[in-house]
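Taking it in order: structure first as structure tokens, then the write-up.
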Amino acid sequence: MGYDLVIFDNDGVLVDSEPLANSILAGYLTELGHPTSYEESLHDYMGGAVHRVHDLVLERTGQRLPDDFDETLHARTFAAFERDLRPVPGVEEVLNGLVEQGVGYCVASSGSHDRIRVGHRVTGLDEWFEDEWLFSSQDVGQGKPAPDLFLHAARAMGVEPARCAVVEDSPLGVRAALAAGMDVYGFTGMMPADRLAGATGYFGDMKQLPGLLQLPV
């Protein structure tokens with residue numbers, strides 16, 4: 001049997017934003033006196049909400065980030081999105097297949113609603129998503145790896161967790177989906193499978209996803 005709802009992470013799954021966003025984050029942290037490489041940014045922050053950056057920097061250094069950190073980071077990130085953001089190759093074909101099969105889908109992202117909408121507008125993915133199908137960590141008390149966001153999305157879409165499949169590309173997201181009692185498929189475009197331990201299945205090309213979701217190819 002297939003699924004009644006497919007819940008997509010956004011960054012790195014729908015829009016190819018992780019290289020842009022993590023380059024900017026690493027550069028900004030380094031600029032502020034917290035040397036961070038691109039690889040360290042991916043390892044520590046990929047898949048998490050921005051409060052995770054504040055928490056880890058405070059934990060490691062005892063220093064708080066500037067009050068305008070979020071505003072500056074978002075402005076730099078959104079500017080890069082406007083210039084360079086693209087959809088993940090093949091994702092529109094996956095969404096079209098879900099529509100043709102009558103399978104519901106939505107987004108559950110650690111990013112803000114503004115970040116989701118900017119990315120979708122720039123890449124043209126906004127035509128695939130109604131506003132009420134977009135869920136952000138802003139909507140819940142705890143972001144990934146807590147299950148709250150995925151459970152909130154399932155409730156709002158009227159589907160039991162056991163009938164949901166999550167598509168994720170980060171360790172935090174995989175942990176959150178498993179904690180929610182959902183199957184989760186790990187996209188290895190940016191992260192090796194061994195960092196996505198526990199996933200129901202793995203794929204490195206969007207062309208493989210319909211088969212994992214048991215949709216006609």
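What you see is a predicted model, and the numbers here were worked out from it, not measured in a lab. Heavy atoms only: backbone and side chains are in, while hydrogens, waters and symmetry mates are out.
No donor-acceptor pair under 3.5 Å is formed between the side chain of Q142 and the backbone N or O of D148. A donor-acceptor contact shorter than 3.5 Å links the side chain of T200 to the backbone of V184. The backbone N or O of G47 lies less than 3.5 Å from a partner atom in the side chain of S110, making a donor-acceptor pair. No donor-acceptor distance shorter than 3.5 angstrom exists from the side chain of Y45 to the backbone of L25, with no hydrogens or angles considered. Checked by atom type and distance alone, the side chain of T30 pairs as donor or acceptor with a backbone atom of T36 at under 3.5 Å. A donor-acceptor contact shorter than 3.5 Å links the side chain of Q208 to the backbone of D205. A distance-only check finds a donor-acceptor pair linking the side chain of H74 to the backbone of D70 [under 3.5 Å].
Clustering ILVMFWY residues whenever any of their side-chain heavy atoms sit less than 4.5 angstrom apart, transitively, puts F129 in the very cluster that holds L209. When hydrophobic clusters are built by joining Ile, Leu, Val, Met, Phe, Trp and Tyr residues whose side-chain heavy atoms come closer than 4.5 Å, directly or via intermediates, V159 is grouped together with Y3. Clustering ILVMFWY residues whenever any of their side-chain heavy atoms sit less than 4.5 angstrom apart, transitively, puts V15 in the very cluster that holds L134. By the rule that hydrophobic residues join a cluster once side-chain heavy atoms approach within less than 4.5 Å of another member, V57 and L172 end up as members of separate clusters. Linking ILVMFWY residues whenever their side-chain heavy atoms come closer than 4.5 Å, directly or via other members, leaves L58 and V53 in distinct clusters.
Open room surrounds CD on E71; 12 or fewer heavy atoms of other groups in view lie less than 6.0 Å from it. Dense packing is recorded around NE2 of H51, with more than 12 heavy atoms of other residues, nucleotides or ligands lying under 6.0 Å away.
A 4.5 Å side-chain heavy-atom check between H113 and D131 finds every atom pair outside the cut-off. Counting heavy atoms from C-beta outward, S170 and M190 have side chains that stay 4.5 Å or more apart. Looking at heavy atoms from C-beta onward, L20 lies out of side-chain contact with R83 at the 4.5 angstrom threshold. Looking at D183 and C164, their side chains never come closer than 4.5 Å, going by heavy atoms from C-beta outward. Counting heavy atoms from C-beta outward, V94 and F8 have side chains that approach closer than 4.5 Å. Between F78 and D114 the shortest side-chain heavy-atom distance falls below 4.5 Å.
Residues satisfying the side-chain contact (heavy atoms from CB on, under 4.5 Å) test with A162, not counting sequence neighbours, are none. For the ring pair (Phe, Tyr, Trp, His ring centres under 6.0 Å) test, no residue two or more places apart in sequence or in another chain qualifies with F150. Qualifying side-chain contact (heavy atoms from CB on, under 4.5 Å) partners for L32, counting only residues two or more places apart in sequence or in other chains: Y28, H34, L65, P66, F69. Scored by the ring pair (Phe, Tyr, Trp, His ring centres under 6.0 Å) test, W133 finds Y105 as partners (sequence neighbours excluded). Shown here are the side-chain contact (heavy atoms from CB on, under 4.5 Å) partners of P192, two or more places apart in sequence or in another chain: D194, R195. Under the rule for a side-chain contact (heavy atoms from CB on, under 4.5 Å), the partners of D126 that lie at least two apart in sequence or sit in another chain are H120, R121.
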Is there a side chain to side chain contact (heavy atoms under 4.5 Å, CB included) between V13 and M206? Walk through the geometry before answering. CA-CA 9 Å; V13 170; M206 279 292 164; 4.2 Å; yes

In sequence, state the C-alpha distance, the side-chain angles, and the governing distance for I7 and E168, and then conclude on side chain to side chain contact (heavy atoms under 4.5 Å, CB included). CA-CA 9 Å; I7 304 176; E168 265 287 355; over 6 Å; no

L149 vs K144, side chain to side chain contact (heavy atoms under 4.5 Å, CB included): CA-CA, chis, key distance, verdict: CA-CA 7 Å; L149 178 56; K144 305 169 188 177; 4.0 Å; yes

Using the side chain to side chain contact (heavy atoms under 4.5 Å, CB included) rule, take V140 and F135 through it: C-alpha gap first, then chi angles, then the decisive distance, then the call. CA-CA 9 Å; V140 294; F135 304 98; over 6 Å; no

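A salt bridge does not link D44 to R52: none of the charged nitrogens lies less than 4.0 Å from a carboxylate oxygen.
R115 pairs with exactly one of D11, N10, T77 by the side-chain hydrogen bond (donor to acceptor under 3.5 Å, both in side chains) rule, that one being D11. Screening V91, V88, V167 against L14 for a side-chain contact (heavy atoms from CB on, under 4.5 Å) leaves a single residue, V91.
Of all the heavy atoms in G204 and T188, the pair that sits closest is CA-OG1, 3.3 Å. Of all heavy-atom pairs between G143 and S137, the closest is CA-CB, 4.3 Å. Of all the heavy atoms in L42 and M46, the pair that sits closest is O-CB, 3.1 Å. Summarising the geometry of A180 relative to P147, their closest heavy-atom pair is N-CB, 3.6 Å, with the distance given to 0.1 Å. When all heavy atoms are compared, the tightest approach of M191 to P171 is CE-CD, 3.9 Å. Contact detail for L151 and P161: the closest heavy-atom pair is CD2-CG, 3.8 Å.
Put simply, OG1 on T72 and CD on E31 are 9.0 Å apart, with the number rounded to the nearest 0.5 Å. With rounding to the nearest 0.5 Å, the separation of CG in D169 from OH in Y202 is 13.5 Å. Within the model, atoms CG of D84 and OG of S17 stand 12.0 Å from one another, a figure rounded to the nearest 0.5 Å. Taken to the nearest 0.5 Å, the OH atom of Y38 stands 11.0 Å off from the CD1 atom of I24. Distance OG/S136 to CD1/I116: 5.0 Å, rounded to 0.5 Å. Rounding to the nearest 0.5 Å gives a distance of 14.5 Å between NE2 of H54 and CD of E59.
Under the 3.5 Å distance criterion, with hydrogens and angles disregarded, a donor-acceptor pair is assigned to the side chains of E100 and N96.
For F203 and F187, the gap between ring centers is short of 6.0 Å.
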